[in-house]
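Inspection log for the structure reproduced underneath, given as structure tokens.
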Amino acid sequence: MRLEGKIALISGGARGIGAATARLMAREGATVVIGDILQKDGLGTEAEISEAGGEALFVSLDVTSEADWNAAVSVTVTKYGKLDILVNNAGISSRTGVEETTVESWDQVMDINAKGVFLGTKAAIPEMRKAGGGSIINISSIYGIVGSGASSAYHAAKGAVRVFTKAAAIQYAKDGIRVNSVHPGFVDTPMTEAHHGIPSVRQARTSQTPLGRLGVSEDIAPGILYLASDQSSFVTGSELVIDGGMTSS
Ligand code: NAP
């Protein structure tokens with residue numbers, strides 16, 4: 001029970017890495033608020049956690065909306081009394097190079113993947129300060145650390161999340177609020193299902209991964225749990241890479 005008594009809000013928690021994190025955190029004793037635009041999947045994850053004996057609540061949240069974030073934090077604090085953990089996980093992929101990326105697509109990816117993290121952090125900090133501290137975990141990517149031939153806006157957004165994390169870590173350390181980033185490698189989730197379903201892509205990504213397989217959401221969730229828990233009480237501004245060795249080569 002590494003999160004006994006803790007209250008966690010997870011954006012994009014309806015499915016994929018966010019849902020695996022919600023299930024794991026609930027098993028470790030946290031009360032989990034799942035924020036997502038996908039109501040059906042979000043309610044499904046909420047029900048799954050409740051049936052397993054955990055405490056979960058789905059809230060409708062578009063991470064690009066400051067009003068939605070304020071409402072999600074307010075519902076959390078009104079119902080459960082405080083907010084200890086925020087996982088800024090919601091994101092979308094984008095696989096176009098610089099010349100093929102439209103301004104509309106660039107703005108959408110930056111809005112959801114980068115501005116969403118800023119808005120979530122901004123909304124959570126006052127409540128965490130009131131609670132005497134907290135832990136914010138921002139889900140970036142290996143593509144926030146290295147480049148690739150296949151994307152542009154996604155790299156820009158994930159790189160922004162990586163360094164925004166360090167700035168927030170410095171600014172709020174005095175309040176006992178830790179802020180860290182997680183950098184998954186190639187992971188099978190609903191987001192990557194179609195892309196990883198192309199045999200040549202799957203083969204290429206597997207061979208780029210020294211451990212010889214693609215990841216699953218349950219490979220990433222324990223890293224997020226560690227950063228959320230008091231076991232990482234001396235860790236802030238750091239980058240946890242969970243990529244099967246991909247960025248080491
Ligand atoms: P996923 O399966 O698509 O789950 C992400 C969730 O976020 C979905 O439910 C998605 O809904 C939701 N979402 C999208 N836009 C949103 C918005 N504006 N407001 C609230 N929720 C929104 O993706 P995942 O693979 O688990 O990815 C989770 C995080 O890990 C993302 O930040 C992603 O960039 C990062 N990541 C993933 C991989 C990978 O290989 N899977 C690798 C590195 C980093 P929709 O399905 O409707 O979009």
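Please read all numbers here as calculations on a predicted model, not as lab measurements.
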Between [X] and [Y], does any side-chain donor sit less than 3.5 Å from a side-chain acceptor?
| X | Y | answer |
| --- | --- | --- |
| R178 | S232 | yes |
| S11 | N89 | no |
| T101 | S152 | yes |

Is it true that a side-chain atom of [X] and a backbone atom of [Y] form a donor plus acceptor pair closer than 3.5 Å?
| X | Y | answer |
| --- | --- | --- |
| T192 | V187 | yes |
| D175 | I177 | no |
| D36 | A14 | yes |
| D219 | V216 | yes |
| E28 | L3 | no |
| T102 | S105 | yes |
| Q231 | Y226 | no |
| T21 | A221 | no |
| T209 | R205 | yes |
| T64 | G116 | no |

How many angstroms lie between atom [atom1] of [X] and atom [atom2] of [Y], to the nearest 0.5 angstrom?
| X | Y | atom1 | atom2 | value |
| --- | --- | --- | --- | --- |
| S140 | E239 | OG | CD | 8.0 Å |
| F186 | H196 | CZ | NE2 | 6.5 Å |
| R15 | I34 | CZ | CD1 | 14.0 Å |
| S148 | R95 | OG | CZ | 10.0 Å |
| W69 | D62 | CH2 | CG | 10.0 Å |
| L227 | I137 | CG | CD1 | 6.0 Å |

Beyond-backbone contact of [X] with [Y], side-chain heavy atoms, under 4.5 angstrom:
| X | Y | answer |
| --- | --- | --- |
| V32 | I10 | yes |
| E127 | K82 | no |
| R129 | I125 | yes |
| I37 | L61 | no |
| K158 | I145 | no |
| L225 | R2 | yes |
| V182 | N138 | no |
| K115 | M110 | no |

Is it the case that atom [atom1] in [X] sees more than 12 heavy atoms from other parts of the structure closer than 6.0 Å?
| X | atom1 | value |
| --- | --- | --- |
| K40 | NZ | no |
| E100 | CD | yes |
| E218 | CD | yes |

Practice prompt. Could you point out which residue of V73, V59, V75 forms a side-chain contact (heavy atoms from CB on, under 4.5 Å) with V33?
Written response: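 With V33 as partner, side-chain contact (heavy atoms from CB on, under 4.5 Å) holds for just one option, V59.
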Discussion item. Please evaluate residues R202 and D188 with respect to the criterion salt bridge (Lys or Arg N to Asp or Glu O under 4.0 Å), reporting the C-alpha separation (whole Å), side-chain torsions for both, the decisive distance (0.1 Å), and the verdict.
Written reply: CA-CA 10 Å; R202 195 166 189 85; D188 279 324; 2.8 Å; yes
Item to complete: In sequence, state the C-alpha distance, the side-chain angles, and the governing distance for E46 and L57, and then conclude on side chain to side chain contact (heavy atoms under 4.5 Å, CB included).
Response: CA-CA 6 Å; E46 177 199 275; L57 174 73; 4.2 Å; yes
Worksheet entry | Worked check of side chain to side chain donor-acceptor pair (under 3.5 Å) between N88 and T121 | CA-CA 8 Å; N88 279 311; T121 304; 3.3 Å; yes
Ignoring hydrogens, what is the shortest heavy-atom contact between [X] and [Y]? Give both atom names and the distance.
| X | Y | value |
| --- | --- | --- |
| L86 | G120 | CD2-O, 3.3 Å |
| V161 | A114 | CG2-CA, 4.2 Å |
| S94 | S151 | O-OG, 2.6 Å |
| T165 | S181 | CG2-N, 3.5 Å |

Fill in: From CA spacing to verdict: side chain to side chain contact (heavy atoms under 4.5 Å, CB included), V87, L9
CA-CA 6 Å; V87 185; L9 171 58; over 6 Å; no
Item to complete: Determine, for D230 against K6, whether the closest basic-nitrogen to carboxylate-oxygen distance falls under 4.0 angstrom.
Response: yes
Fill in: Pairs touching residues 121-166 that satisfy ring-ring contact (aromatic ring centres under 6.0 Å, His included), sequence neighbours left out
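Only Y143-H155 qualify under ring-ring contact (aromatic ring centres under 6.0 Å, His included).
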Worksheet entry | Candidate pair N180 and S238, rule side chain to side chain donor-acceptor pair (under 3.5 Å), full reasoning | CA-CA 5 Å; N180 293 284; S238 77; 2.8 Å; yes
Worksheet item: Can you list the steps and then say if Y172 with M128 is a side chain to side chain contact (heavy atoms under 4.5 Å, CB included)?
Response: CA-CA 10 Å; Y172 297 101; M128 289 186 172; over 6 Å; no
Item to complete: Kindly indicate, with the supporting measurements, whether the criterion side chain to side chain contact (heavy atoms under 4.5 Å, CB included) is fulfilled by L83 and K130.
Response: CA-CA 9 Å; L83 176 63; K130 270 190 232 161; over 6 Å; no
